[in-house]
Structures are given as C-alpha cells and as structure tokens.
Amino acid sequence: MKNKTVLVTGGAGYIGSHACVELLQAGYKVVVVDNLSNSKPESLSRVQQITGKTLTFYQADIRDKPALTEIFAKESPSAVIHFAGLKAVGESCAQPFLYYHNNVYGTLVLTEVMNNANVKQLIFSSSATVYGESSSPQYSEDFPLGAINPYGRSKAMIEDILRDLSAADKLNPTEFPWKIALLRYFNPIGAHESGMIGEDPNGIPNNLMPYVAQVAIGKLTQLSVFGDDYPTRDGTGIRDYIHVVDLVKGHIKAIAVLDSDKYATGGCNAYNLGAGRGYSVLEIINAFEKVTGKTINYKISPRRSGDLAECFANPELALKELNWKVEKNLDDMVADTWNWQTKNPQGYV
Ligand code: NAD
Ligand code: UD1
C-alpha cells in the first residue's frame with residue numbers, strides 16, 4: 001500500500017477532508033480534485049497540519065474531461081474515492097438539472113477518464129437515501145431501492161451506472177475489470193478529534209447536528225424538532241448517526257478489499273456504513289446538553305416532508321466483507337462536534 005496513490009474527488013469537503021487524513025496516516029499518497037463549490041482550501045491546509053504530510057491539490061471540476069485526463073496522466077492513481085457531489089435535498093428539488101448534471105454527468109466523465117487510464121478501482125459515496133419504503137426500519141443492502149427526491153435519485157442512478165459498468169466486464173472480459181464499492185452512508189456527524197477539520201455548512205444548516213451545534217453556540221436561536229408524533233419511542237425521528245472518522249475508516253478498509261483476491265475478477269457491491277442502532281432527535285438534544293453543559297432551545301414543529309420515522313443500518317455485510325464496524329459512541333460524536341464548533345465558530349473563515 002505504501003506509495004499507492006489515491007485520487008480523492010471532493011477531498012476538500014466535510015467527509016473528503018477526514019478521508020484525506022486517514023489516507024495520509026495509512027501511508028497513501030493523496031491527490032485531491034475539488035472545484036471548491038462547497039468547500040475551502042483551508043480544510044486541506046489543516047489536513048496537512050494534522051498529519052504532518054503533504055498532498056497534491058487540483059482545483060478542477062470533475063466534469064472537465066481534459067483537465068481530469070491530464071491529472072490522471074500526471075498522477076497515475078491506482079484507486080479513486082469519489083466524494084464530489086452536491087448534497088442538499090431541498091436544493092435538488094428546486095434545481096434538479098444542476099444535481100443530475102453535477103452528480104450523474106460528473107460521474108460519467110470521471111468513469112470515462114478512469115476507463116481510458118485503466119484505473120478501475122472506485123469507491124463511491126452513496127447514501128441510505130437510495131432505499132425505498134420498507135416495512136422494517138433496519139435497512140439491509142438487498143432492500144428495494146426507491147429514492148424520493150432528485151438528490152437521492154442522482155445517487156441511485158450513479159449506483160445503476162456503476163453496476164452496469166461492472167456487469168459489462170462479464171460480457172467483454174478484460175485484464176482490468178471494474179472493482180467498485182458503493183458505500184451507503186447513514187448519518188455522518190462529528191469531526192476530527194483535533195477540532196481542526198469538521199462540517200462547515202453554507203448558510204443555515206439543513207441537518208440536525210450542525211443545527212444543534214449552532215443553537216448551542218448562539219449563532220441560531222432555536223431548533224425546530226420536525227414532528228413529535230412519529231411511531232417511535234419518544235415520537236421524534238430516529239436515525240443512525242455515525243462518526244465521520246469511523247465512516248472514512250470504512251473507505252480505507254474498502255480500498256484494501258478491492259485490492260485483495262476477493263475482487264480479483266472484479267465486481268460492484270453495496271455496503272451500508274452505519275452503526276446499526278438509532279437515536280431520536282430528543283436523545284441527540286439530551287446528549288448534546290449533557291456533553292456540553294449548554295441548554296438547547298427547541299420547539300416542536302410540524303413534520304418535514306419526505307422524512308421517515310425511523311431508519312438505521314444493518315451493518316453486518318460491512319463487518320463480514322470489509323471487516324469494518326463503528327468504534328465511536330454518541331458522546332464521542334457530540335464532543336467532537338462541539339470541539340470543532342467552539343474552535344471554529346465561523347467555520348473555516
Ligand atoms: P461536501 O459538500 O462537504 O463535499 C463535497 C465536495 O465535493 C465539496 O468540497 C465540493 O466543493 C466538491 N464538489 C462538488 N461538485 C464537484 C464537481 N463537480 N467537481 C469537483 N468537486 C466538486 O459534502 P460531504 O458531506 O463531504 O459529502 C461527500 C459525499 O458524500 C457527497 O457525494 C454526498 O452526497 C455524500 N453523502 C453525504 C452525506 C452527509 O450527510 N454528509 C450522507 C450521504 C452521502
Ligand atoms: C437528510 C436527507 C438525506 C441525506 C442526509 C444526510 C432529507 C429529507 N433527507 O437525512 O437525503 O442523505 O440528510 O445529508 O433532507 N431534524 C429536526 N430539525 C432539524 C433538522 C432535522 O428535527 O432542524 C430531524 C429530522 O426530521 C430527522 C433527524 O432530525 O428526524 C435527522 O435529520 P437530518 O440530519 O436532516 O438527516 P436525515 O433527514 O436523515
């Protein structure tokens with residue numbers, strides 16, 4: 001693995017920057033391609049400060065085929081972790097073309113360039129949002145898919161494209177078959193324990209944890225709890241929160257597995273990355289109050305459209321095939337979120 005180069009699209013973003021830390025610490029060379037549409041280069045400076053190692057950064061759009069082709073020729077990566085994408089559900093409903101163009105077309109360009117360069121190992125950031133309605137709140141990889149918004153559908157379409165690329169290898173045997181892991185994230189939260197990198201959302205956060213953190217620090221006045229009449233233990237929504245450092249460690253495990261005999265003849269498989277247990281909104285608020293000593297001002301509001309009552313992972317496949325499971329608990333996730341928030345009240349600015 002030493003000296004193996006991993007190209008990380010979207011590496012300046014929230015999850016990508018944490019992945020760069022783990023990759024550098026594991027001995028990989030790291031090349032980041034990011035257009036900085038939702039991130040700042042400061043995150044990469046901090047990655048280098050945390051690790052004491054350097055990475056190579058290209059400010060480029062993954063839809064820019066000539067630029068990407070040049071980067072692949074120059075850097076000769078052996079694997080790609082593909083984080084680059086837009087991720088706001090509401091924005092995707094308002095601007096579906098933007099989401100399909102950025103996420104789906106971007107992935108088409110990336111895989112075409114990879115194919116031309118014979119770089120066929122790919123780890124893709126998918127999401128639990130690709131799952132359709134289910135009678136069980138615990139989702140396994142073989143559950144039916146059925147995303148309900150353009151963001152989720154862009155992820156589902158990309159999964160389909162990647163499965164088709166891999167399936168085509170069976171029809172046209174090749175020396176370099178596609179080796180693809182579709183990693184379906186549940187709810188990533190938290191930050192690196194140094195407090196130097198973390199989630200830096202633009203404007204008012206859409207997601208629970210950054211919202212709670214900004215109420216705690218006084219940037220926002222009140223959290224709206226979206227619904228307290230769900231059929232859950234306290235009536236509020238239950239999700240499978242996963243520490244971002246645990247999440248990115250799953251990617252390091254996946255790279256090693258794609259490189260192993262298990263994938264010698266190629267393949268494309270989905271793996272849930274979640275803890276396998278859920279917490280309610282009120283449990284998150286209580287944990288935040290306990291760990292930080294702050295009171296979270298909240299009110300009960302109507303349900304948010306498109307929300308499920310309860311959703312958590314069946315993480316057995318990732319344990320069995322990737323030898324991965326979460327190690328951090330809710331207190332770690334809250335403490336690390338708070339450490340990042342207090343050290344960087346205005347994010348990277
Ligand atoms: P992020 O916005 O912090 O990071 C994404 C990065 O990709 C940003 O740095 C952005 O500038 C870059 N980018 C976007 N479009 C690009 C393009 N066309 N060319 C080059 N760079 C581009 O988001 P994140 O939370 O780190 O998420 C990373 C990936 O994980 C995304 O694909 C997201 O959909 C997926 N995901 C995230 C979550 C979550 O809760 N954060 C959950 C499930 C899946
Ligand atoms: C949301 C997205 C999902 C995306 C994921 C990670 C929707 C419908 N789903 O998932 O596609 O993959 O983020 O980016 O947007 N909550 C509040 N008040 C808030 C915010 C959230 O009560 O201000 C509640 C929600 O109702 C939910 C829980 O907190 O029960 C978690 O919400 P959130 O962090 O937005 O994640 P998801 O809804 O799971």
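Counting convention: from 1, in listed order, for ligands and their atoms alike. These numbers were taken from a predicted model, which means no experiment stands behind them.
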Among all protein heavy atoms in this structure, tell me which lies nearest to atom 18 (N) of ligand 2, with the distance rounded to 0.1 Å.
S224 O, 2.7 Å
Top protein contact for atom 28 (C) of ligand 1, by heavy-atom distance:
F83 O, 3.5 Å
Atom 10 (O) of ligand 2 sits nearest the protein heavy atom N187 ND2, 4.2 Å
For atom 34 (O) of ligand 2, what is the nearest protein heavy atom, given as residue, atom name and distance?
L208 N, 2.9 Å
Quick note on ligand 2: atoms under 4.0 Å from a heavy atom of D307 include exactly 8 (C), 25 (C), 26 (O), 38 (O)
Ligand-residue contact atoms, ligand 2 with N206, heavy atoms, under 4.0 Å
20 (C), 35 (O)
Determine, using the 4.5 Å side-chain heavy-atom cutoff (strictly less than), whether M114 and Y105 are members of one ILVMFWY cluster.
yes
So CG of L308 and CZ of R303: to nearest 0.5 Å the spacing works out to 10.5 Å
For ligand 1, is there an N or O atom under 3.5 Å from any N or O atom of G13?
yes
Does G11 come within less than 4.0 angstrom of ligand 1, counting non-hydrogen atoms of the residue?
no
Close approach, Y241 and ligand 2, non-hydrogen under 4.0 angstrom:
yes
Geometry only, no angles: is R304 polar-contacting ligand 2 at N/O separations under 3.5 Å?
yes
Which heavy atom of the protein is the closest neighbour of atom 20 (C) of ligand 1, given with residue, atom name and distance?
N35 N, 3.2 Å
So, are E159 and K155 salt-bridged, with charged N and O less than 4.0 Å apart?
no
What's the shortest distance from atom 39 (O) of ligand 2 to any protein heavy atom, and which residue and atom give it?
R239 NE, 2.6 Å
Contact check: V225 vs ligand 2, nitrogen or oxygen atoms, below 3.5 angstrom
no
Determine yes or no for a side-chain-to-main-chain donor-acceptor pair under 3.5 angstrom, with W178 supplying the side chain and C268 the backbone.
no
Quick one: which residue pairs count as a salt bridge (Lys or Arg N to Asp or Glu O under 4.0 Å) with a foot in residues 126-146, not counting sequence neighbours?
none
Check whether any side-chain heavy atom of P137 sits under 4.5 Å from a side-chain heavy atom of I238, and report yes or no.
no
Where is the nearest protein heavy atom to atom 24 (C) of ligand 2: which residue, which atom, and how far?
V281 CG2, 3.7 Å
Gap between atom CG of L258 and atom CD of Q121 - 0.5 Å precision:
5.5 Å
Between A84 and ligand 1, is there a nitrogen or oxygen pair with a distance under 3.5 Å?
no
Output yes when the distance from some N or O of ligand 1 to some N or O of D61 is under 3.5 Å, and no in every other case.
yes
Any pair with a residue in residues 111-163 that passes ring-ring contact (aromatic ring centres under 6.0 Å, His included), sequence neighbours left out, goes on the list, sorted by first then second residue, please.
H82-F124, Y131-Y139, Y139-F143
Residue, atom name and distance, where the atom is the protein heavy atom closest to atom 2 (C) of ligand 2:
V89 CG2, 3.6 Å
Quick check: does Y185 get an N/O under 3.5 Å from an N/O on ligand 1?
no
Tell me whether the centres of the aromatic rings in Y185 and H251 are closer together than 6.0 Å.
yes
Taking 4.0 angstrom as the limit and counting only heavy atoms of T129, give me the atoms of ligand 2 inside it, by number and element.
11 (O)
Roughly how far, to the nearest 0.5 Å, is the OH atom of Y298 from the OH atom of Y211?
15.0 Å
Among V113, N116, V31, exactly one meets side-chain contact (heavy atoms from CB on, under 4.5 Å) together with F72. Which residue is that?
V113
Just going by heavy-atom distances, which of A67, P41, S126, G16 is nearest to atom 44 (C) of ligand 1?
S126
Specify the protein heavy atom at minimum distance from atom 27 (O) of ligand 1: its residue, its atom name, and the distance to 0.1 Å.
I15 CD1, 3.8 Å
Considering only non-hydrogen protein atoms, determine which one is nearest to atom 4 (C) of ligand 2 and report residue, atom name and distance to 0.1 Å.
Y151 CE2, 4.3 Å
Do any heavy atoms of D34 fall under 4.0 Å from ligand 1?
yes
Structural part of A60 in contact with ligand 1, heavy atom criterion under 4.0 angstrom:
backbone
Please write down residue, atom name and distance for the protein heavy atom closest to atom 6 (C) of ligand 2.
N207 ND2, 4.0 Å
If you measure from each non-hydrogen atom of K155 to ligand 1, which part falls under 4.0 Å: side chain, backbone, both or neither?
side chain
Within less than 4.0 angstrom of ligand 1, does S37 place any heavy atom?
yes
Can you tell me the protein heavy atom closest to atom 24 (P) of ligand 1 and the distance?
K87 NZ, 3.7 Å
For atom 2 (O) of ligand 1, the protein heavy atom that lies nearest, with its residue and separation:
N38 ND2, 2.7 Å
K87 versus ligand 2: do any nitrogen or oxygen atoms come within less than 3.5 Å of each other?
no
Can you pull out the closest protein heavy atom to atom 34 (O) of ligand 1? Residue, atom name and distance to 0.1 Å, please.
Y151 OH, 2.8 Å
Nearest candidate to atom 39 (C) of ligand 1, where distance is taken over non-hydrogen atoms, out of G10, P188, A19, S125
P188
In terms of its nearest heavy atom to atom 16 (N) of ligand 2, the top option of F226, Y185, Y279, Y211 is F226
Just to confirm my output: which protein heavy-atom neighbour is closest to atom 3 (O) of ligand 1, and how far is it?
Y14 N, 2.9 Å
Note the single closest protein heavy atom to atom 18 (N) of ligand 1, along with its residue, its atom name and the distance in Å.
N102 OD1, 2.9 Å
Examine the proximity of ligand 1 to L36 and report which part, side chain or backbone, both or neither, has a heavy atom under 4.0 Å away.
backbone
